[in-house]
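We use all heavy atoms of the structure for the numbers below, so side chains are in, but hydrogens, waters and symmetry mates are not. The structure presented is a predicted model; accordingly, all values stated were derived computationally and were not measured.
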Amino acid sequence: MKLSDKIIFGGDYNPEQWRETPEIWDEDMRLMRLAHWNEATLGVFSFAELEPEEGVFDFSVPDAIFEKAEQNGVKIILSTPSGAMPRWMAEKYPEILRTLDDRRKAVYGRRENHCLTSPVYREKVAEIDRKLSERYGKNPALLAWHISNEFNGECHCPLCRAAFCDFLEKKYGTVDRLNAAWWTRFWSHRANAFSEIEPPSPIGETCVHGLTLDWKRFVTAQTADFARAEIEAVRAFSDRPVTTNLMGFYQGLDYRELSKPFDFVSWDNYPVWGKPEGDEGTAAWTALTHDLMRSMKRENFLLMESTPSHTNWKDVNKLYRPGMMRLASLQALAHGSESVQYFQWRKSRGSSEKMHGAVVDHYGKEDTRVFGEVAALGEELEKLAPIVGSTPRPRVALLYDWDNVWALQDLQGMQKKNKQVGGALLRQYLPFWRAGISCDVIGRRESYEGYSLLVAPMTYLCEAETAKRLAAFVREGGTLVATYALAQTDENDLCHLGGFPGAGLSEVFGLRAEELDTLYPEERVKISALGESYLAKDYCEILKPEADTEILGVYESEFYAGTPCLTSHAYGKGRAYYIAFRDADGAFSGAFYRRLAGELGLESPLPEIPAGVSVQVRENEKGEAFLFVLNFSREERRVPLGREMTLLKNGEALSELVLPPYGGEVLRA
Ligand code: GLA
Ligand code: ZN
């Protein structure tokens, strides 16, 4: 992924909102130069501007902006307008409006609310996309295509239902196979024909887990299919790369599937900085999300949106403290972003986003705190350009799969409402993040090549094929760590028979997990592991180890006191560790992974990393390494470097870095 020699610096730009005052466009260009912007994302939600009436097209705004942008050294990422349909279109072709899961038909309004199947909407979108491609597809200012905006949601109209039935027929071939995969003898839910299948609904079916899982897979497939049709249309006259803006851990779509038709991944990041309890939790979660996004294609990505100062849609929309926007931007780069982009360039005058943070305020001039911070960052990023093309090179991968999360959410059992799969993932990730050891976050069905350690938190849904590949990874010398609730069901969410972890993984871990105890949120179970005492919460599995399984920890309370809670098992040339409980406060995970990292030779890039400081490394093909040292604490931090390094922005040599609160620097190692 290489779009530019520069770090891309820009963001969402909506000049169509200022159509009546084009002098503002010229002022925008003057201000963009001052802000060191080199990119503008144009056209998001501009359908009604481009096609104000059916068959009447108006490209005057993008025409003017492309020209001005080129004169001012600003590249364009051009969005297709499908994220918001024009009013006339909904009026004339109501089939394009969504039907909600309770089967109410939506009326016109809001955005990203079209039917995913409607042939009319697809044709209208393809038509405008082709026209954009023809007009701008070869323009030297065009950097990339941005398809739609934050695809999300689902539609339950008859067209989507019919498409779902087709999807199932293709998948299962015969309805008997579907009945078997969905276990429909339960509660007499057997189907006689694919056409009888009704998508899940709060006023209908929610209990057939094969159905709910396949429905979510279908929604992803249908969204990706919609995206493919758009990609085909913009490719009619253009070979520029295509992306769409993802939303991190958004649960509605399997992003690993959705990102397949795109050339590169980009995403929109709006963390909650400035929480009363401090920023470390937010920093770690954001780091993990960047890693997830980078892992989609195991390639760098764009930070398509972030706010320069504050959001408007959260419960509390606190201002970013001075330095925080820069720090958060450096963090994105540290994890593999090739850009810093904002929503939005200029605050709109009306509607729901008028008070959302922007580079240019309603005040309109450059002498504001936010504009000053943005411009200073823009200038600094020009000096950091040598990082372009370098990337983190992890030897650790954590497994995370959307269908696994969906299956766990549907599961009636454990703590029913919130299984906290994300929390479990973060728990395993934190020790690596604190040590500056970078991680990928991959899907269980992807390649494990190049990793020496795989971590599988709550990998409940695990089909035979994955189990085989995990076993092979260990047999050939890899280290695998898994937690409670491993491999209980297959790809259809049917329970494995013969004991958990299923599909042969019992042999790899040298144990059987016989029962899983769920605790009330305030309860704790004592454990002793690796020579120390710790606390477990939420889940404690009761294990039956094999004779050759090493017991590294045992429960100290409850009726299972004295039984193992942490095990290690040699398998082939590798080793498989099993953590049977949820660590209550992170103390156990910290100690466990520190020890494991030591054994596996996974080294921290610095001799000592103070609390609240994150260190990430990007390397390039020439063997150059860039160290990002970021202070998310609200106090000054002194970071010993262990040897001499230079600040990338000015070449100054240092052996210790002194970072102010929310300070951060990029070093050439
Ligand atoms: C999303 C959207 C933008 C805007 C921002 C506000 O990321 O893509 O259009 O609404 O949120 O934070
Ligand atoms: Zn529909």
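Using cut-offs of 30° and 60° on the angle between ring planes, the pair Tyr320 and Trp273 is perpendicular.
Between Glu123 and Arg130 there is a salt bridge, with a side-chain nitrogen of the basic residue lying less than 4.0 Å from a carboxylate oxygen of the acidic one. Looking at Glu27 and Arg30, a side-chain N of the basic residue comes within less than 4.0 Å of a carboxylate O on the acidic one, giving a salt bridge. Remark: Arg228 does not engage Asp225 in a salt bridge, criterion side-chain N to carboxylate O under 4.0 Å. The pair Arg445-Glu463 counts as a salt bridge, with a side-chain nitrogen and a carboxylate oxygen less than 4.0 angstrom apart. Salt-bridge annotation for Glu54 and Lys124: present, with a side-chain N of the basic residue lying under 4.0 Å from a carboxylate O of the acidic one. Between Asp26 and Lys68 there is a salt bridge, with a side-chain nitrogen of the basic residue lying less than 4.0 Å from a carboxylate oxygen of the acidic one. Remark: Arg217 does not engage Glu257 in a salt bridge, criterion side-chain N to carboxylate O under 4.0 Å.
When only modelled atom types and interatomic distance are considered, Asn269 and Ser306 share no side-chain donor-acceptor pair under 3.5 Å. With 3.5 Å as the limit, one finds no donor-acceptor pair spanning the side chains of Asp101 and His156. The closest side-chain donor-acceptor pair between Asn179 and Arg190, if any, does not fall under 3.5 angstrom. Side-chain polar atoms of Ser266 and Asn245 form no donor-acceptor pair below 3.5 angstrom. Ser351 and Glu353 share no side-chain donor-acceptor pair at under 3.5 Å.
With hydrogens and angles ignored, the 3.5 Å screen pairs a side-chain donor or acceptor of His362 with a backbone N or O of Lys354. With hydrogens and angles ignored, the 3.5 Å screen pairs a side-chain donor or acceptor of Thr243 with a backbone N or O of Phe264.
The ring of His290 has its center closer than 6.0 angstrom to the ring center of Phe301. Ring centers of His36 and Phe9: at least 6.0 Å apart, outside the cut-off. Ring centroid separation for the pair Trp402 and Tyr400 comes in under the 6.0 Å cut-off.
The distance from atom CZ of Phe66 to atom CD1 of Ile76, rounded to the nearest 0.5 Å, is 5.0 Å.
For the residue pair Trp145 and Arg240, the shortest heavy atom distance occurs at CD1-O, 3.6 Å. Heavy atoms only, all atoms of each residue included: Pro392 and Asn300 are closest at CD-OD1, 4.3 Å.
The salt bridge (charged side-chain N to carboxylate O under 4.0 Å, His left out) contacts involving residues 131-151 comprise Asp63-Arg135, where partners must be two or more places apart or lie in separate chains. Sorted by first and then second residue, the pairs that involve residues 334-346 and meet salt bridge (charged side-chain N to carboxylate O under 4.0 Å, His left out), not counting sequence neighbours, are Asp28-Arg346, Glu338-Arg618.
Of the listed residues (Trp285, Trp267, Tyr255), just one forms a ring-ring contact (aromatic ring centres under 6.0 Å, His included) with Phe249, and that residue is Trp285.
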